[in-house]
Amino acid sequence: MLAAMRLLVLGGTVFLGHEVAAQAVAAGHEVTCAARGVSGTVPEGARLVVADRDTPDGLSALSGESFDAVIDVARRPSHVRHALAQLGDRVGHWVYVSSGSAYADNSVPGRTPADTPLLPPATPEQDDAVGANYGPAKVACEQALSGAVEPERLFLCRVGLIVGPGDRFNRFDYWVSRLARGGETLAPGAPDEWAQWVDVRDLATWLLHIAEQRLAGVYDGIGAPMRRGDFFAAIAAALGTQLSLTWVDQDFLQEQGVNAWMGERSLPMWVPLPEYAGFMCRDVSGSLAAGLVTRPLADTVRDTWAWLPTAGDRSPASGIAPADETALLTAFHAAHP
Ligand SMILES: NC(=O)c1ccc[n+]([C@@H]2O[C@H](COP(=O)([O-])OP(=O)(O)OC[C@H]3O[C@@H](n4cnc5c(N)ncnc54)[C@H](OP(=O)(O)O)[C@@H]3O)[C@@H](O)[C@H]2O)c1
């Protein structure tokens with residue numbers, strides 16, 4: 001039995017941070033979450049310390065307290081710098097949730113953190129972690145931590161697509177909903193392209209394990225890749241629906257103005273080739289060896305499907321509308337008689 005930790009979650013009011021805090025409470029740890037409390041609430045049993053990290057002294061309510069570990073989901077480099085300045089020597093182990101968007105080159109399948117170059121970090125003037133600055137901001141967050149925390153006290157987790165109940169984006173569950181509806185389905189690209197994801201609950205379990213065990217290093221936080229054809233087949237099998245896919249090539253979709261990955265009129269989890277050939281095909285053998293355990297896709301599909309009626313509207317919504325899909329399929333068949 002592990003000794004209980006004093007754990008600080010910087011975040012904790014939504015999705016991943018909330019799941020980490022909930023699992024930590026269930027494991028018997030003393031959990032403090034620091035957030036504004038505007039995105040949601042913290043799980044029962046966790047303490048919320050109201051903090052606005054936009055201000056340099058935003059974490060002052062924690063002054064005098066020390067923690068065995070912190071798990072931080074920050075996006076803005078200034079938030080990380082403020083936390084380091086205010087908490088630095090009162091935290092034992094730092095776990096930072098970074099992103100695969102930190103990588104500069106996504107073209108090669110089978111890469112690991114050790115052999116993938118990073119984007120240049122955002123400058124201090126570029127503190128907004130949205131759009132094209134999201135990846136550079138994550139790099140700047142990582143660098144602020146690496147510059148201040150000894151390597152043996154720091155774990156950087158470059159996370160890929162997080163899915164499952166509570167997801168605030170519908171990239172994964174577009175496909176769950178679409179394949180549940182059945183009928184001829186527009187499948188983007190080709191069946192031997194890749195899909196890669198991590199269930200939020202598995203990622204949270206691993207982050208907690210890392211904090212408990214004081215693991216250090218740089219790892220990808222994502223499960224093993226699966227061929228897109230197998231991915232769709234597994235979703236349909238989990239839902240008990242008939243699969244009827246029409247694979248539509250990238251050139252056609254791009255000519256028709258369909259967007260990749262996410263957002264308006266997009267086909268989620270589809271990425272342009274060749275530049276993103278490695279984006280959803282990372283070699284995660286190191287992460288699995290370091291304790292990441294991933295559940296079967298069928299479990300994630302069924303739990304996401306059960307949760308969806310309570311999910312509400314997500315913004316920005318990804319996917320294509322049913323009538324649009326039908327029109328695209330009609331045009332595709334006409335062009336490929
Ligand atoms: N979703 C994905 O597929 C994906 C992929 C790769 C990486 N990631 C990374 O995974 C992490 C996801 O974290 P998450 O699910 O917990 O959600 P999140 O959307 O990153 O949540 C941000 C958290 O920080 C808090 N926060 C925001 N602004 C704040 C401020 N000014 N002061 C204090 N607290 C503030 C929010 O709480 P309040 O608003 O209540 O203050 C919330 O709890 C992020 O680091 C993200 O970059 C996500």
Side-chain angles (χ1 to χ4, degrees), residues 8-24 31-43 46 48-62 70-83 86-87 95-103 106 122 127-131 133-142 145 155-174 195-204 206-207 219-223 261-263 268-269 279-280 282 300 304 314-316 318:
L8 175 62
V9 179
L10 293 175
T13 54
V14 282
F15 198 37
L16 177 62
H18 189 277
E19 182 63 24
V20 168
Q23 290 193 20
V31 182
T32 301
C33 300
R36 296 163 303 178
V38 300
S39 300
T41 55
V42 299
L48 172 67
V49 170
V50 176
D52 185 350
R53 301 174 70 185
D54 285 343
T55 59
D57 62 351
L59 297 174
S60 59
L62 296 171
V70 59
I71 298 177
D72 188 4
V73 298
R75 293 161 187 253
R76 287 177 181 258
S78 64
H79 286 190
V80 171
R81 286 194 291 269
H82 297 160
Q86 292 192 269
L87 300 167
V95 181
Y96 175 63
V97 180
S98 186
S99 169
S101 297
Y103 293 125
N106 295 292
D127 194 51
D128 217 6
V130 292
N133 203 44
Y134 174 66
K138 285 295 204 184
V139 176
C141 290
E142 287 189 14
L145 284 156
F155 191 100
L156 301 176
C157 187
R158 296 194 186 125
V159 172
L161 184 71
I162 313 172
V163 307
D167 192 354
R168 292 200 289 169
F169 303 99
N170 71 329
R171 293 169 288 199
F172 174 76
D173 56 73
Y174 170 81
Q196 200 167 22
W197 68 94
V198 65
D199 187 298
V200 63
R201 297 161 295 182
D202 298 335
L203 179 61
W206 191 42
L207 293 171
Y219 290 81
D220 285 334
I222 189 85
W261 186 239
M262 69 180 292
M269 298 186 71
F279 186 66
M280 283 194 288
R282 306 277 308 162
T300 305
T304 301
R314 260 78 58 73
S315 177
S318 301

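Each ligand, and each atom within it, is numbered from 1 in the order the structure gives.
By the salt bridge (Lys or Arg N to Asp or Glu O under 4.0 Å) test, D128 pairs with R76, sequence neighbours left out. Contacts of Y103 classified as side-chain hydrogen bond (donor to acceptor under 3.5 Å, both in side chains), with partners at least two apart in sequence or in another chain: R158, D220, R282. The side-chain hydrogen bond (donor to acceptor under 3.5 Å, both in side chains) check on D72 picks up R53, with sequence neighbours excluded.
Taking the side chain as every heavy atom from C-beta outward, D167 and V200 never approach each other to under 4.5 Å.
Applying side chain to side chain contact (heavy atoms under 4.5 Å, CB included) to H79 and the options L59, V73, D54 leaves one that passes, D54.
Taking the centre of each ring, F169 and W261 stay at or above the 6.0 Å mark.
Sorted by chain and number, the heavy-atom contacts of ligand 1 below 4.0 Å come from G11, G12, T13, V14, F15, L16, G17, A35, R36, G37, V38, S39, A51, D52, R53, D54, V73, R75, H79, V97, S98, S99, Y134, K138, V159, G160, L161, I162, R168, R171.
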